[in-house]
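Shown next, in structure tokens, is the structure this report addresses.
Starting from 1, each residue takes its place in the sequence as its number.
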Amino acid sequence: MRTGAAILRYSKGRELKKEVAEWQAAFIFGYLGKFDDPESAVPEMKLCLTIDAYSGAVTQAPSNSLTRMKNIEAACGGIAERWANIQPPPNAVL
């Protein structure tokens with residue numbers, strides 16, 4: 001069994017940057033790898049895609065997706081640690 005996922009991305013009337021598409025595809029791959037279900041298949045990079053709705057370009061998860069996912073987790077962890085001390089911008093709706 002093979003598994004993967006795709007995200008449809010629209011970048012406000014312009015082509016999605018390849019770097020952004022790669023990060024999103026890497027996130028999909030890393031996120032699918034987090035499921036601890038013995039019956040689910042291991043995700044495949046070729047099946048983890050970002051589809052640019054503007055240009056139709058399809059980007060597969062890059063070969064360094066696991067490293068990128070670790071970077072995403074580290075950044076989110078850093079934000080979570082500091083969240084209580086971050087002041088919202090003026091006129092923010094909370």
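- One N or O on the side chain of Asp52 and one on the backbone of Leu16 form a donor-acceptor pair closer than 3.5 Å.
- To the nearest 0.5 Å, the span separating CD on Gln24 from CD1 on Ile7 amounts to 5.0 Å.
- Listed here is the closest heavy atom pair of Pro43 and Cys48: CB-SG, 4.4 Å.
- Contact of the Trp23 side chain with the Arg68 side chain is registered, since non-hydrogen atoms from C-beta on lie closer than 4.5 Å.
- Atom OH of Tyr10 has more than 12 heavy atoms from other residues, nucleotides or ligands within 6.0 Å.
- Here CZ of Arg2 is found 7.5 Å from NZ of Lys46. Values are rounded to the nearest 0.5 Å.
- Leu47 is not listed as a side-chain neighbour of Gln60, based on a closest heavy-atom distance of 4.5 Å or more.
- In summary, Glu73 and Lys34 engage in a salt bridge, as defined by a charged side-chain N under 4.0 Å from a carboxylate O.
- Note that CZ of Arg9 is 11.5 Å distant from OG of Ser55, once rounded to the nearest 0.5 Å.
- How far CD1 of Ile28 is from OG1 of Thr59: 10.0 Å, rounded to the nearest 0.5 Å.
- Without hydrogens or angle criteria, Thr50 side chain to Ala21 main chain gives a donor-acceptor distance under 3.5 Å.
- In this structure the side chain of Met69 never reaches within 4.5 angstrom of the side chain of Phe29, judged on heavy atoms.
- The structure places OG of Ser65 at 11.0 Å from CG of Leu32, a figure rounded to the nearest 0.5 Å.
- In the hydrophobic clustering of ILVMFWY residues, with side-chain heavy atoms under 4.5 Å counting as a link, Leu8 and Val58 come out together.
- Taken from SG in Cys76 to CD in Glu81, the straight-line distance is 11.5 Å, to the nearest 0.5 Å.
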